[in-house]
Amino acid sequence: MSQADVAAKPAGLFDRATKGHALPTVSVEVERGRIRFFAKALGETDPVHSDIAAAQAAGYPDLPAPPSFFMAIEAMADEERARLGQPSLITLLKCDFRRLLHGDESYAYHGLVFAGDTLQFDTKIIDFYEKKGGLMEFVTVEATVSHAERGTLITATRTLLHRLG
Amino acid sequence: MAHANLAAAQVGDQLPGTTFGPVTRAMLALYAGASGDHNPAHIDIDFAKRAGLPDVFAHGMLSFGGLAQLVTRWAGLGCLRSFGARFVSMTQVHDLINCSGTVTERFEADGETRLRIAVVAAAQDGRQTLLGEAVVAVS
């Protein structure tokens, strides 16, 4: 590699050409078992996430998903993308798991997700930036989870980063 | 589950604290499976060592989920309007995470009264791991 190549190479590992890219919408189905498994993994004690009778007694049509179940919805969307032969967000961004960290995650909730829901999942790569003189590079991603009748349920904003130092 | 009387909540009120963990490798394996986040840095010590890390470390989102429970146990699931956190340091295997929250603001938005709550996750040695904020609807 010549010195010119090194200089031309953008700092960092993320593929910054993906800035502004919106991944194709994919549809995912939420199963009761996945909500139960997720709630158990979090040590959730509220039975509404596992027991149909408790959920219905609380006024819910089915098991409601815990607030951070977004992660499982995204993973299901990635699995669907893989079946469709489409790259995942992680692949598009060229994330390196040896250096990848999670910077922040935030959700606005417009409605609950329930077992039995079919959801539309959208993701868009918003921007890249650096901190600490290029020793850390960041990407901001936005995603939405929507339901055909109930509209947008979750708007997510998250930052991932590579440690480059 | 019985929840707090949010109508009576005031700025400065502390939420009943919760603890999470100690984080075990089994918890990380289960969370990887349940969340679908299969990043090997959280579940494969061989990978972690090749990446120059001393050990696997916990998914930030595992503590995030525990921190969200602090709020939903207090306020109820249905009134959560937003929840977010920054991951300010790594959560290590064996860390015991203490979750705390304080009401910082009472305000009106979208025709309802809401509370803003500052939330913190910290390990047994006081090291902060997550700093975040929740908004819940009172009415």
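Residue numbers start from 1 in every chain, and the chains themselves are labelled A, B, ... in the order their sequence lines are given, proteins ahead of strands.
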Cluster check [X], [Y]: I/L/V/M/F/W/Y, side chain < 4.5 angstrom:
X	Y	answer
A:Leu161	A:Val139	no
B:Val135	B:Leu70	no
A:Val113	B:Val136	yes
A:Phe37	A:Leu63	no
A:Leu101	A:Leu13	no

Taking CD in A:Glu29 as the centre, count heavy atoms belonging to other residues, nucleotides or ligands within less than 6.0 Å. Is the count above 12?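 No, not enclosed.
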Please check if the number of heavy atoms outside A:Glu31 that lie under 6.0 Å from its CD is greater than 12.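 Not more than 12 within 6.0 Å, no.
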Any [X] side-chain heavy atom under 4.5 Å of [Y] side chain:
X	Y	value
A:Leu42	B:Gln69	yes
B:Phe87	A:Glu105	yes
B:Arg81	A:Tyr109	no
B:Thr72	A:Asp46	no

Closest-packed option against chain A by number of heavy-atom pairs under 4.5 Å, given B:Ser63, B:Ala26, B:Ala85: B:Ala85
What do the steps show when you test A:Tyr107 against B:Leu80 for side-chain contact (heavy atoms from CB on, under 4.5 Å), and what is the final call? CA-CA 10 Å; A:Tyr107 304 121; B:Leu80 189 64; over 6 Å; no
Measure distances from [X] to the heavy atoms of chain B and classify the residue's part below 4.5 Å as side chain, backbone, both or neither.
X	answer
A:Ala65	backbone
A:His110	neither
A:Phe69	neither

Heavy-atom contacts under 4.5 Å, [range] to chain A:
range	value
residues 31-62 of chain B	B:Tyr31, B:Gly33, B:Ala34, B:Ser35, B:Gly36, B:Asn39, B:Pro40, B:Ala41, B:Phe47, B:Ala51, B:Leu53, B:Phe57, B:Met61, B:Leu62
residues 88-95 of chain B	B:Met90
residues 108-127 of chain B	none

Please name all residues satisfying salt bridge (Lys or Arg N to Asp or Glu O under 4.0 Å) with A:Lys40, sequence neighbours left out, ordered by chain then number.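 A:Lys40 satisfies salt bridge (Lys or Arg N to Asp or Glu O under 4.0 Å) with no residue once adjacent residues are dropped.
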Can you measure from [atom1] ([X]) to [atom2] ([Y]) and round to the nearest 0.5 angstrom?
X	Y	atom1	atom2	value
A:Glu44	B:Arg73	CD	CZ	6.0 Å
A:Ser106	B:Glu133	OG	CD	9.5 Å
B:Ser82	A:Ile154	OG	CD1	12.5 Å

